[in-house]
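What you see is a predicted model, and the numbers here were worked out from it, not measured in a lab.
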Amino acid sequence: MTQDPQSPNSVTLATYEAAAARYAEHVPAVPSAPMSRFIEDVVELLPAAAAVLEVGSATGRDADLLEAKGLRVTRTDATEAFVTRLQARGLPARRLNVLTDDLGGPWDLLYASAVFLHFSAAELTGVLAKAAGAVVPGGVLAFTVKQGDGEGWTTAKLDRPRHFTYWRAPALRSLLESSAWEVHSLALVPGTPEDWLYVICRLPTGRAAGAPQ
């Protein structure tokens with residue numbers, strides 16, 4: 001499956017291809033306290049040495065932290081520039097576009113920080129279904145999106161266009177509850193300049209991965 005090169009997501013990926021180094025400059029070397037707690041909460045739900053698919057690894061910072069906690073992380077990104085930067089660090093990484101590519105698995109955790117915020121509601125609906133087919137029963141999906149209303153473009157930080165879809169907790173919870181996932185936690189986290197929604201979901205243990213609702 002290919003992606004329309006003029007779609008908002010394709011244009012956003014082109015921005016990351018051209019400005020990966022500049023983006024990396026904006027990523028703190030150490031996660032914020034709320035992000036660190038979020039990762040801790042995720043890890044507590046997983047078995048030892050759990051298999052993790054990270055979607056949108058970017059600089060690889062969160063994958064490093066997950067690995068430090070004993071998890072086995074597969075780093076991926078839809079942007080070749082980020083994959084190349086990870087490989088230059090001596091880390092295994094491969095290109096994967098969650099909208100168009102098979103996710104493999106089954107995984108214990110699918111982790112996507114600041115990735116799903118680039119998807120429309122319809123795209124996110126499809127990704128949720130695909131993710132449910134890629135994790136074990138009882139598996140975990142953890143992701144973050146920006147809080148807000150509607151969608152739009154910004155050239156902030158990178159001086160190139162990126163497209164965002166913003167969410168309020170009730171609408172996001174409603175979308176998740178209409179999917180195969182059960183919401184474990186959905187927290188509002190203050191940020192600068194936007195606030196964030198940190199989400200942890202689980203696939204019910206009674207449902208085989210990929211089974212219809």
Over all heavy atoms of both residues, which pair between [X] and [Y] is shortest? Give the atoms and the distance, please.
| X | Y | result |
| --- | --- | --- |
| V136 | P106 | CG1-CB, 3.7 Å |
| P8 | W153 | CA-CH2, 3.6 Å |
| D108 | A50 | OD2-CA, 3.4 Å |
| W196 | L117 | CZ3-CD2, 3.5 Å |
| L103 | A134 | CB-CB, 3.8 Å |
| N97 | L99 | OD1-N, 2.9 Å |

Is there any ring-ring contact (aromatic ring centres under 6.0 Å, His included) pair reaching into residues 41-69, and which pairs are they, with sequence neighbours excluded? none

Can you check side chain to side chain contact (heavy atoms under 4.5 Å, CB included) on V189 and D195, steps first, answer last? CA-CA 6 Å; V189 178; D195 294 337; over 6 Å; no

What about L66 and L110, same hydrophobic cluster or not, with Ile/Leu/Val/Met/Phe/Trp/Tyr joined at side-chain heavy-atom distances under 4.5 Å? yes

Same cluster or not: are V27 and I39 linked, directly or through other Ile, Leu, Val, Met, Phe, Trp or Tyr residues, by side-chain heavy atoms under 4.5 angstrom apart? no

Quick one: do F119 and V127 satisfy side chain to side chain contact (heavy atoms under 4.5 Å, CB included)? Show the steps, please. CA-CA 9 Å; F119 300 157; V127 168; 3.9 Å; yes

[Y] side chain reached by [X] side chain, heavy atoms, under 4.5 Å:
| X | Y | result |
| --- | --- | --- |
| R22 | R160 | no |
| H163 | H118 | no |
| D62 | M35 | yes |
| L175 | L128 | yes |
| W181 | L141 | yes |
| V135 | V140 | no |
| S57 | L86 | yes |

Pairing of [X] and [Y] as salt bridge, 4.0 angstrom limit:
| X | Y | result |
| --- | --- | --- |
| R202 | E182 | no |
| D77 | R95 | no |
| E67 | R72 | no |
| R75 | D64 | yes |

Which value, rounded to the nearest 0.5 Å, describes the distance between [X] atom [atom1] and [Y] atom [atom2]?
| X | Y | atom1 | atom2 | answer |
| --- | --- | --- | --- | --- |
| E177 | L186 | CD | CG | 9.5 Å |
| L13 | N9 | CG | CG | 4.5 Å |
| T144 | F38 | OG1 | CZ | 6.5 Å |
| D102 | K130 | CG | NZ | 7.0 Å |
| L188 | R168 | CG | CZ | 9.0 Å |
| L176 | L124 | CG | CG | 7.0 Å |

Pair S7, S10: side-chain N/O donor-acceptor within cut-off below 3.5 Å: yes

So, Q87 versus T84: side-chain donor-acceptor pair below 3.5 Å or not? no

Could you go through the side chain to side chain contact (heavy atoms under 4.5 Å, CB included) check for E194 and Y166 one step at a time? CA-CA 10 Å; E194 299 108 340; Y166 301 93; 4.2 Å; yes

Quick check against the 3.5 Å criterion: does [X] have a side-chain atom that pairs as donor or acceptor with the backbone of [Y]?
| X | Y | answer |
| --- | --- | --- |
| T125 | A121 | yes |
| K146 | L197 | no |
| E151 | S120 | no |
| E40 | R37 | no |
| T205 | G138 | no |
| T154 | A156 | yes |

Less than 6.0 angstrom separating the ring centers of Y23 and Y16, yes or no? yes

Checking V42 against L109 for the side chain to side chain contact (heavy atoms under 4.5 Å, CB included) test, could you report, in this order, the C-alpha distance in whole Å, the side-chain angles of both residues, the deciding distance, and whether it holds? CA-CA 9 Å; V42 171; L109 166 66; 3.6 Å; yes

Name of the residue among F116, W167, Y111 meeting ring-ring contact (aromatic ring centres under 6.0 Å, His included) with F143: F116

